Amino acid sequence: MKENSITWIRQRVPDRQMTYALALMIGVLASIAAWLLHTLIHLIQKLLTSGFLTDTANWLYLIFPVIGIYLTTIFIKYVVRDNISHGITRVLYAISTKNSQIKRHNTWTSVVASALTIGFGGSVGAEAPIVLTGSAIGSTLGQYFKMNKRTVMLLVGCGSAAAISGIFQAPIAGLVFTLEVLMIDMTMSSLVPILISSITADICSYLFMGSASLFTFHLDSAWSVDRLPASLLLGVFCGLMSLYFMRTMTFCEDKFARMKKHPYAKLITGGLLLSTLIFLFPSLYGEGYNSIAIFINGQTETDWSQVMNGSLFYGHSELLVVYITFVMLTKIVATSSTNGAGGCGGTFAPSLFVGGFAGFLFARVWNMEEIGVYLPEKNFTLLGMAGVMSGVMHAPLTGIFLIAEITGGYDLFVPLILVAVVSVMVISIFEPHSIYAMRLAREGKLLTHHTERSVLTLMSMGSVIEKDVITVSPNMKMGKLVDVLSNSKDTFIPVVDEGMRLLGVIDINKIRHVIFRSELYHRFRVSQLMIPVPGYLYDNEPMEEVMEKFDKTGADVLPVVDINSRFKGYIIKARMLRVYRELVADYSQE
């Protein structure tokens with residue numbers, strides 16, 4: 001019945017209109033997921049911390065984060081039974097290697113897991129889980145209605161755009177996030193469905209959460225040209241902070257990865273480290289947007305010192321800069337500990353958090369030292385948010401439009417552009433990929449914004465390898481070899497031993513001068529006629545490396561072996577190039 005209904009719909013609704021309708025559905029569902037996640041997070045946080053004191057340290061900070069991570073671990077282990085961490089990285093992985101197919105459980109499991117983690121104090125963000133949820137909704141609907149691979153990829157992009165738009169009420173930021181971080185070679189026809197999803201999610205979020213922006217911002221001091229040097233220096237500082245963010249995150253993740261076989265050791269290590277940091281610096285609790293709001297709305301030292309409420313630093317306004325520095329530097333460790341211990345959350349919010357603290361710290365120190373023109377701390381808090389997020393994600397447009405939209409701060413557009421672009425320029429010197437793409441790039445599984453390289457990533461060795469191959473042994477006599485050649489259409493005959501290990505190859509073009517001399521049939525054996533292999537290809541090797549080996553060797557055919565040199569088949573360069581050209585033509589179609 002279901003198959004008949006889908007077939008009936010697909011036969012009567014043109015592909016373009018079907019895509020638009022699905023984009024609309026994705027926008028509604030993704031915004032509901034965003035609203036539900038934030039509602040759950042705030043509800044849990046309110047239940048746990050409503051009675052906390054502001055003038056002294058709260059010992060329950062040492063307990064709640066560990067409980068939240070433990071509950072998340074149990075949920076993932078016994079209910080999800082799958083890895084749902086690193087949401088945006090998993091979306092990129094699905095696009096790169098699985099034809100944009102994301103498992104259906106991701107439409108809801110990330111919401112539950114991240115609500116438990118963040119609600120109990122996990123120092124991570126809700127944005128990456130929501131992006132994974134929205135993308136999973138797009139992938140599921142695309143597969144359900146039997147859309148083609150390219151359309152499914154587009155619907156995954158619609159889901160990610162709707163997720164960002166719904167959670168931040170920032171439709172333009174949702175669009176540019178999809179273009180910069182997830183999608184490849186977008187066309188004008190592809191923009192319409194993404195805009196539909198993004199705008200729909202934005203409208204629905206207004207219905208659910210009201211019209212208030214994530215941060216309330218009032219511009220008191222417009223940007224002027226005499227602040228140009230400070231803006232450029234802030235861009236450099238944000239680029240260096242982005243580098244610190246990525247390197248520290250990678251270091252901590254590697255340490256926790258080595259404890260993979262000891263889940264309770266990970267929980268205890270990460271949980272204790274996280275809870276200790278939160279006890280010392282309560283600003284690290286959850287997403288931390290409340291601390292950012294203090295910097296944006298505050299006017300005086302007394303206002304800004306509220307960020308130290310509930311900590312051992314309370315009442316010591318003279319230590320504000322010290323406190324902010326420690327929080328800025330330890331946020332990455334807290335985020336890594338949360339995910340490393342078994343929690344579920346992303347690095348989107350932490351990058352905004354670190355950027356906000358970095359921008360405020362920069363302006364505060366500048367003003368304290370009276371270096372030059374006065375820098376409004378609230379303005380530079382926003383600039384820092386855009387700078388670090390742009391650097392960490394290698395997405396300057398996303399940083400610019402997101403900060404402008406969530407604060408209504410379009411009057412700061414020029415300095416936002418300056419800081420974001422300089423930050424990306426600085427980080428690009430050290431890291432060519434975003435924090436999300438870094439792991440996939442190392443494995444050769446990352447789609448890029450270049451069609452040719454993206455197609456090589458989408459190609460698999462299984463689509464071009466020849467496995468139905470005749471092989472010969474090194475002891476075979478020349479007469480028998482001639483019989484084999486006469487019954488084979490191939491000019492490339494692998495020579496293998498009894499264990500199928502490749503020893504060499506017979507190239508018919510190299511032995512034409514002897515194969516027609518019957519008097520030599522009993523004098524020569526295959527081992528005397530075979531030639532060395534010009535190069536080896538290993539099974540599951542990235543196609544970009546396969547292409548490079550063909551270019552380096554100049555060979556027309558190369559054998560494929562496993563790590564033990566056992567022969568698996570061979571790849572013909574001409575056939576590989578034909579498949580490649582077909583994929584490029586298909587991929588480049590509107």
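The model shown is predicted, which means the values in this text are computed figures rather than measured ones.
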Could you state the interatomic distance from [atom1] ([X]) to [atom2] ([Y]), rounded to the nearest 0.5 Å?
X: Ile172; Y: Ile400; atom1: CD1; atom2: CD1; answer: 12.0 Å
X: Ile406; Y: Ile164; atom1: CD1; atom2: CD1; answer: 10.5 Å
X: Phe237; Y: Leu233; atom1: CZ; atom2: CG; answer: 11.0 Å
X: Thr49; Y: Ile44; atom1: OG1; atom2: CD1; answer: 11.0 Å
X: Ile32; Y: Ser205; atom1: CD1; atom2: OG; answer: 11.5 Å
X: Phe177; Y: Met393; atom1: CZ; atom2: CE; answer: 4.5 Å

**Request:** Would you mind telling me which of Leu284, Ile332, Leu273, Thr276 makes a side-chain contact (heavy atoms from CB on, under 4.5 Å) with Ser337?
**Result:** Leu273
Does [X] have any salt bridge (charged side-chain N to carboxylate O under 4.0 Å, His left out) partners at least two apart in sequence or in another chain, and if so, which?
X: Asp303; answer: none
X: Lys331; answer: none
X: Lys266; answer: none

**Item:** Parallel, tilted or perpendicular: rings of Trp108 and Phe75 (30°, 60°)
**Value:** perpendicular
**Asked** Can you say whether the rings of Phe360 and Phe295 are parallel (under 30°), tilted (30 to 60°) or perpendicular (over 60°)?
**Response** parallel
Set of side-chain contact (heavy atoms from CB on, under 4.5 Å) partners for [X], sequence neighbours left out:
X: Leu352; result: Phe168, Tyr289, Phe348, Met385, Met389, Leu402, Ile403
X: Leu36; result: Leu40, Val111
X: Val321; result: Thr325, Leu361, Arg364, Val365, Met368

Does [X] have any side chain to side chain donor-acceptor pair (under 3.5 Å) partners at least two apart in sequence or in another chain, and if so, which?
X: Glu287; answer: none
X: Tyr323; answer: Ser283
X: Gln45; answer: none
X: Ser275; answer: none

So, for [X] and [Y], which heavy atoms are closest and what is the spacing to 0.1 Å?
X: Gly399; Y: Ala386; result: O-CB, 3.7 Å
X: Val80; Y: His105; result: CG1-CE1, 3.6 Å
X: Cys344; Y: Ser110; result: SG-O, 4.5 Å
X: Ala201; Y: Ala162; result: CB-O, 3.3 Å
X: Pro350; Y: Ser123; result: CG-O, 4.1 Å
X: Gly345; Y: Pro129; result: CA-CG, 4.0 Å

Hey, are the side chains of [X] and [Y] touching, using non-hydrogen atoms and a 4.5 Å cut-off?
X: Leu274; Y: Ile69; value: yes
X: Pro171; Y: Glu405; value: yes
X: Phe120; Y: Leu71; value: yes
X: Leu22; Y: Met147; value: yes
X: Asn339; Y: Glu253; value: no
X: Lys549; Y: Leu537; value: yes
X: Leu60; Y: Ile63; value: yes
X: Leu320; Y: Val307; value: yes

Please confirm whether the backbone N or O of [Y] pairs with a side-chain atom of [X], one donor and one acceptor, at under 3.5 Å?
X: Ser423; Y: Val419; result: no
X: Thr248; Y: Phe245; result: no
X: Ser198; Y: Ile194; result: no
X: Ser31; Y: Gly27; result: yes
X: Ser336; Y: Val333; result: no
X: Ser139; Y: Ile102; result: yes

Could you tell me if [Y] and [X] have a donor-acceptor pair between their side chains, going purely by distance under 3.5 Å?
X: Thr381; Y: Glu377; value: no
X: Thr72; Y: Thr117; value: yes
X: Glu180; Y: Thr398; value: yes
X: Ser160; Y: Thr178; value: yes

If you count heavy atoms of other groups shown closer than 6.0 angstrom to [atom1] of [X], is the number above 12?
X: Phe256; atom1: CZ; value: yes
X: Trp304; atom1: CH2; value: yes
X: Phe208; atom1: CZ; value: yes

**Request:** Could you walk me through whether Met259 and Thr269 pass side chain to side chain contact (heavy atoms under 4.5 Å, CB included), step by step?
**Result:** CA-CA 10 Å; Met259 305 168 67; Thr269 303; 3.5 Å; yes
**Message:** Please evaluate residues Tyr538 and Val560 with respect to the criterion side chain to side chain contact (heavy atoms under 4.5 Å, CB included), reporting the C-alpha separation (whole Å), side-chain torsions for both, the decisive distance (0.1 Å), and the verdict.
**Reply:** CA-CA 5 Å; Tyr538 294 95; Val560 180; over 6 Å; no
**Partners meeting ring-ring contact (aromatic ring centres under 6.0 Å, His included) with His42 (sequence neighbours left out)** = His38
**Item:** Partner set under ring-ring contact (aromatic ring centres under 6.0 Å, His included) for Phe353, not counting sequence neighbours
**Value:** Phe357
**Message:** Please evaluate residues Val561 and Arg566 with respect to the criterion side chain to side chain contact (heavy atoms under 4.5 Å, CB included), reporting the C-alpha separation (whole Å), side-chain torsions for both, the decisive distance (0.1 Å), and the verdict.
**Reply:** CA-CA 5 Å; Val561 298; Arg566 286 192 290 265; over 6 Å; no
**Asked** Between Phe52 and Tyr61, is the gap from one ring center to the other below 6.0 Å?
**Response** yes
